There are 2 protein chains.
Amino acid sequence: MASSKAGRRNNTDPDATRREILQAALEVLAKDGPESLSVAEVARRAGVNRGTAYQHFPTREDLAHATASWVSERMYQEFYGDLEQLEEVNEVYPPDLALERLSDFAMNNPELSRAWLFDVMSTQGNVTDKFWKKYVEELGEFTQSGYGREDMDVEVFAFITLASALLWPIWVGAHAKNSKARDKMQQRFFDEMMRLVLFGSLVPERHAKLIKRFSKRAKQD
Amino acid sequence: MASSKAGRRNNTDPDATRREILQAALEVLAKDGPESLSVAEVARRAGVNRGTAYQHFPTREDLAHATASWVSERMYQEFYGDLEQLEEVNEVYPPDLALERLSDFAMNNPELSRAWLFDVMSTQGNVTDKFWKKYVEELGEFTQSGYGREDMDVEVFAFITLASALLWPIWVGAHAKNSKARDKMQQRFFDEMMRLVLFGSLVPERHAKLIKRFSKRAKQD
DNA sequence: CATATAGTCAACAATGATGTCTACTACTAT
DNA sequence: ATAGTAGTAGACATCATTGTTGACTATATG
């Protein structure tokens, strides 16, 4: 009586299937890294037949590359997508909101964040990633607008903030027992990062020599 | 004429072999993550017979655990080992030297750094790692000695500095073409990090509200 | 209705990893 | 000299993954 063909999908929307596969690949990528991405594992996770995965992505490598591109594109869209129209209105996006946005984003998209970070960190040669370029560009504009210190090394600062903000959720996931503890950890990260960008972490009076040594280009007193 | 038994090792020092295996495992761990650590790959990389690896570590899991412990221990020893006797003499280790030491260490031990970071980041539950505890403890003492700002969240700050310093070499490795460019990148990281801990990254006059908001516990003006 | 599309299911050979085992060699200490 | 230790070499069964292929099915569109 029961249909012997239960469990069939026969999707009308191949793009949706493709996205499901990519999403599963992203999760695997975030969990185990690019080297241990297996088509079988991805297909299992996506609830899709292995053959189906091979229809969309002829080889394992194709899947890996497609996932990397997809991650890059999604990272940009999810983070900057709905912000693009806003930009022309708001001349300077406040740093606390920017950091909060980044911190929230990382916490809500831990796999995407992690996969993106490792891809962009370890990809050889010039950085072509849209999100990275936009992020650095925004930081550059911010400093030149007079709100951020001119003596910043924007790229290095971008690296520091992104690396720590995007990896923080891993730490939180491993060390927070419940969602309340999770929220508290997220708050702590935001507070400390704000504190750091506002005041640094050294007591100035105790480090006169260092201040002299490291303020070559900064003469804003 | 040539000995058919060339390539034999027949080592007198089994511990050395063990270390070689662990070192190879560490490299694999740093490259591909813990999930794709294979005994065969490790043995190949260590220039050791697969059987030999199985003599030292009965299963893949045993090798993985042993490597994690070894990484933890080595991270502590290599970083703090030769500093321990010094400590009683020098009451406060200057922050620039500390950061330089960390930055150099990461650059000279990229695999160890990376493997350690991921292990300690993703290990569930309380952090028992010696290096982490020591690092946080030192930071705590530094702030309480009056040289560091009292309002720091020491653990979060430790996370930020470690995550960025230990991952920076990956970025450098992927983006620096020669050793000269490498050195320059390392210098840039050190400079920017010092700048950040000394001055923050925002121009104070432009962020009066934020300063008010984020200086609850800090009343050192 | 006919056909193309998207997908399922099952089988297959090849490859490589795991874990075990046995026979062999070289070096060390008794 | 002999027994033990450390490592090599090779074989073996088991399993997972890769990439391919062929038969089948549900859905949409002409």
Side-chain angles (χ1 to χ4, degrees), chain A residues 1-68 70 115, chain B residues 1-68 70 115:
Chain A
M1 304 295 157
S3 151
S4 65
K5 267 72 185 181
R8 269 304 160 87
R9 293 169 54 100
N10 276 24
N11 204 337
T12 313
D13 189 352
D15 281 356
T17 307
R18 191 191 156 88
R19 274 195 301 276
E20 275 171 44
I21 295 172
L22 285 168
Q23 175 62 37
L26 158 63
E27 288 164 20
V28 173
L29 219 60
K31 203 169 70 74
D32 297 344
E35 310 302 319
S36 46
L37 186 140
S38 91
V39 180
E41 164 77 6
V42 168
R44 235 173 298 151
R45 198 177 263 261
V48 144
N49 191 281
R50 203 165 61 88
T52 307
Y54 274 101
Q55 259 176 346
H56 285 272
F57 310 97
T59 73
R60 196 193 101 112
E61 279 303 291
D62 289 326
L63 174 58
H65 288 137
T67 308
W70 189 65
Chain B
M1 303 295 157
S3 154
S4 64
K5 267 72 184 178
R8 269 308 161 85
R9 293 169 54 99
N10 278 22
N11 204 335
T12 314
D13 188 353
D15 281 356
T17 306
R18 192 190 155 89
R19 276 195 301 276
E20 275 170 42
I21 295 171
L22 285 168
Q23 175 63 37
L26 158 62
E27 288 164 19
V28 173
L29 218 61
K31 203 169 70 75
D32 297 345
E35 310 302 320
S36 46
L37 187 141
S38 92
V39 181
E41 163 79 6
V42 168
R44 236 173 297 152
R45 197 177 263 262
V48 145
N49 190 280
R50 203 164 62 89
T52 307
Y54 274 101
Q55 261 176 348
H56 285 272
F57 309 97
T59 73
R60 196 193 100 114
E61 278 304 290
D62 289 325
L63 174 57
H65 288 138
T67 308
W70 189 65

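Each chain gets a letter, A, B and so on, in the order its sequence line appears, and its residues count up from 1. No experiment lies behind these values; they were computed from the predicted model shown.
- Across all their heavy atoms, Ile21(B) and Phe57(B) have their closest contact at CG2-CE1, 3.6 Å.
- Distances shorter than 4.0 Å separate none of the side-chain N or O atoms of His56(B) from OP1 or OP2 on dA6(D).
- Of all non-hydrogen atoms in Ser36(B) and Ser36(A), the two that sit nearest each other are CB-CB, 3.6 Å.
- The CD-C1' distance, from Glu20(B) to dA6(D), rounds to 13 Å in whole Å.
- Taking atom CG of Asp62(A) as the reference point, atom C1' of dG19(D) lies 12 Å away to the nearest angstrom.
- Under the side-chain hydrogen bond (donor to acceptor under 3.5 Å, both in side chains) criterion, Arg45(A) pairs with Glu27(A), not counting sequence neighbours.
- A pairwise comparison of heavy atoms in Ala53(B) and Val48(B) identifies N-CG1, 4.1 Å as the closest pair.
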Worksheet item: Taking protein heavy atoms under 4.0 Å as touching, what does nucleotides 14-20 of chain C look like 5' to 3' if B marks base contact, S marks sugar-phosphate-only contact and - marks none?
Response: ---SBBB
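- In summary, of the residues considered (Val42(A), Leu22(A), Thr67(A)), a side chain to side chain contact (heavy atoms under 4.5 Å, CB included) with Leu29(A) occurs for Thr67(A) alone.
- The interatomic distance linking Glu35(B) (CD) with dA16(D) (P) rounds to 17 Å, in whole Å.
- Look at CD on Gln55(A): it is 17 Å from P on dC24(D), rounded to the nearest Å.
- Rounded to whole Å, atom P of dT18(D) lies 14 Å from atom CZ of Phe57(A).
- The distance between atom CG of Asn49(B) and atom P of dA26(C), rounded to the nearest whole Å, is 15 Å.
- The heavy-atom pair separating Arg60(B) from Leu37(B) by the smallest distance is NH1-O, 2.7 Å.
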